Amino acid sequence: MAIQVGEKAPDFELKDNHGRAVRLSDFRGRKNVVLLFYPFAFTGVCTGELCELRDNLPQFSDRDTELLAVSNDSIHTLRVFGEQEGLEYPLLSDFWPHGNVSRAYGVFDEDKGCAVRGTFVIDKEGVVRWTVVNGLPDARDLSDYVKALDSL
């Protein structure tokens, strides 16, 4: 079961597509966070979602929000994917231990071995304020994230 609205977001540390450590707690007191889980790089729906976010980054930065995208791919895969698609926000690798952060948020599909499409809007205090979880084939609506951020 996915983390619910009103719960404290589980802290984590993951490597980004450049090998840098990123901790959720680093943003506490400074920025809101949109934490987006997606199945795999280079797949059609995932690429479409992440490119739409790329094309609309000001909607997040203008709302004092950091966008963090998490998949179960290796950092090496994410580096190539990010460069190929021009993604300038952190792509975090939940590769090893495989899916630990995805499991902590309740969005890991054990049968498929990857995260489903879960999104968590986390306020500056580290509390989940909005969430949506979609199945693997179902893209999310970016405008829903923006509405959730506007309600903070």
Side-chain angles (χ1 to χ4, degrees), residues 1-73 75 77-79 81-95 99-108 114-136 138-152:
M1 181 164 185
I3 297 293
Q4 299 297 302
V5 170
E7 291 184 48
K8 196 77 156 171
D11 196 17
F12 61 82
E13 179 179 316
L14 293 173
K15 299 274 188 191
D16 73 5
N17 47 314
H18 300 288
R20 296 176 293 228
V22 175
R23 286 176 209 80
L24 180 63
S25 57
D26 289 346
F27 300 100
R28 199 156 293 144
R30 295 180 34 241
K31 287 188 172 190
N32 302 306
V33 173
V34 171
L35 182 62
L36 172 106
F37 292 88
Y38 63 101
F40 293 112
F42 297 107
T43 58
V45 175
C46 295
T47 300
E49 282 187 318
L50 295 174
C51 288
E52 182 181 13
L53 292 167
R54 174 201 63 207
D55 297 343
N56 290 281
L57 270 179
Q59 293 194 47
F60 298 96
S61 58
D62 292 350
R63 288 168 174 81
D64 205 23
T65 301
E66 182 71 28
L67 176 62
L68 301 175
V70 180
S71 79
N72 303 117
D73 295 298
I75 62 170
T77 299
L78 295 176
R79 182 176 303 121
F81 180 58
E83 289 171 0
Q84 179 177 306
E85 299 301 334
L87 305 176
E88 296 182 7
Y89 50 87
L91 303 177
L92 305 181
S93 174
D94 191 18
F95 181 72
N100 270 5
V101 175
S102 304
R103 283 183 182 89
Y105 278 81
V107 296
F108 190 78
C114 65
V116 296
R117 296 179 195 287
T119 304
F120 302 87
V121 172
I122 303 165
D123 69 15
K124 292 178 183 178
E125 304 311 312
V127 176
V128 175
R129 295 298 177 192
W130 181 87
T131 184
V132 65
V133 178
N134 288 3
L136 294 176
D138 302 321
R140 293 159 285 197
D141 186 344
L142 173 82
S143 66
D144 290 340
Y145 309 167
V146 174
K147 289 177 198 169
L149 288 168
D150 286 342
S151 71
L152 296 180

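Every value quoted in this text rests on a predicted model; they were computed, and no experiment measured them.
- Using a 4.5 Å cut-off on side-chain heavy atoms (C-beta onward), D94 and F108 make no contact.
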R63 and V146: side chain to side chain contact (heavy atoms under 4.5 Å, CB included), yes or no, with the steps?
CA-CA 9 Å; R63 288 168 174 81; V146 174; 3.4 Å; yes

Walk me through it: do T65 and V33 pass the test side chain to side chain contact (heavy atoms under 4.5 Å, CB included)?
CA-CA 5 Å; T65 301; V33 173; 5.7 Å; no

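- V116 is linked by a side chain to side chain contact (heavy atoms under 4.5 Å, CB included) to V107, D109, V133, L136, counting only residues two or more places apart in sequence or in another chain.
- The environment of CD in Q4 is crowded: more than 12 heavy-atom neighbours from other residues, nucleotides or ligands sit within 6.0 Å.
- No side-chain heavy atom of N32 sits under 4.5 Å from any side-chain heavy atom of I122.
- Relative ring orientation between F60 and Y145 is described as tilted, the plane-to-plane angle lying within the 30° to 60° band.
- Checking side-chain atoms of S151 against main-chain N and O of A148 turns up a donor-acceptor pair under 3.5 Å.
- For the pair N134/V132, a side-chain contact is recorded, criterion being any heavy-atom separation below 4.5 Å from C-beta on.
- Taking every heavy atom of both residues into account, S93 and I75 meet most closely at CB-CG2, 3.5 Å.
- The CD atom of Q59 sits 11.5 Å away from the CG atom of L67 when rounded to the nearest 0.5 Å.
- Applying the side-chain hydrogen bond (donor to acceptor under 3.5 Å, both in side chains) test to D11 and every residue at least two apart in sequence or in another chain returns S25.
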Go through L35 and V70 one step at a time and tell me if the side chain to side chain contact (heavy atoms under 4.5 Å, CB included) criterion holds.
CA-CA 7 Å; L35 182 62; V70 180; 3.7 Å; yes

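- The pair E49-R117 meets the salt-bridge criterion, with a side-chain N (NZ, NE, NH1 or NH2) lying under 4.0 Å from an Asp/Glu carboxylate O.
- In this structure, D64 and K124 have side chains that are in contact, with non-hydrogen atoms separated by less than 4.5 Å.
- Contact between R23 and E13 at its shortest, heavy atoms only, is NE-OE1, 2.8 Å.
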CA sep, side-chain torsions, deciding dist, call: F120, V5, side chain to side chain contact (heavy atoms under 4.5 Å, CB included):
CA-CA 9 Å; F120 302 87; V5 170; over 6 Å; no

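- In this structure, OG on S61 lies 7.5 Å from NZ on K31, to the nearest 0.5 angstrom.
- By the 4.5 Å heavy-atom criterion applied to side chains, C46 and Y38 are counted as neighbours.
- Salt bridge status for K147 with D150: absent, with no side-chain N to carboxylate O gap under 4.0 Å.
- Applying the side chain to side chain contact (heavy atoms under 4.5 Å, CB included) criterion to R54, with sequence neighbours excluded, gives C51, E85, L87, Y89.
- In terms of heavy atoms, I3 sits closest to A104 at CD1-O, 3.5 Å.
- Taking 4.5 Å as the limit, every side-chain heavy atom of D123 sits out of range of all side-chain heavy atoms of W130.
- Ring geometry for F12 against Y105 counts as perpendicular: the plane angle is over 60°, on a 0 to 90° scale with 30° as the lower cut.
- To the nearest 0.5 Å, atoms CZ (R129) and CG (L149) are separated by 12.5 Å.
- Rounded to the nearest 0.5 angstrom, L78 CG and N17 CG are separated by 6.0 Å.
- Atom OG1 of T119 and atom CG of L53 lie 8.5 Å apart (nearest 0.5 Å).
- Taking the side chain as every heavy atom from C-beta outward, L50 and L36 approach each other to under 4.5 Å.
- Shortest non-hydrogen contact noted between S71 and P39 is CB-O, 3.9 Å.
- P90 is listed as a side-chain neighbour of L68, based on a closest heavy-atom distance under 4.5 Å.
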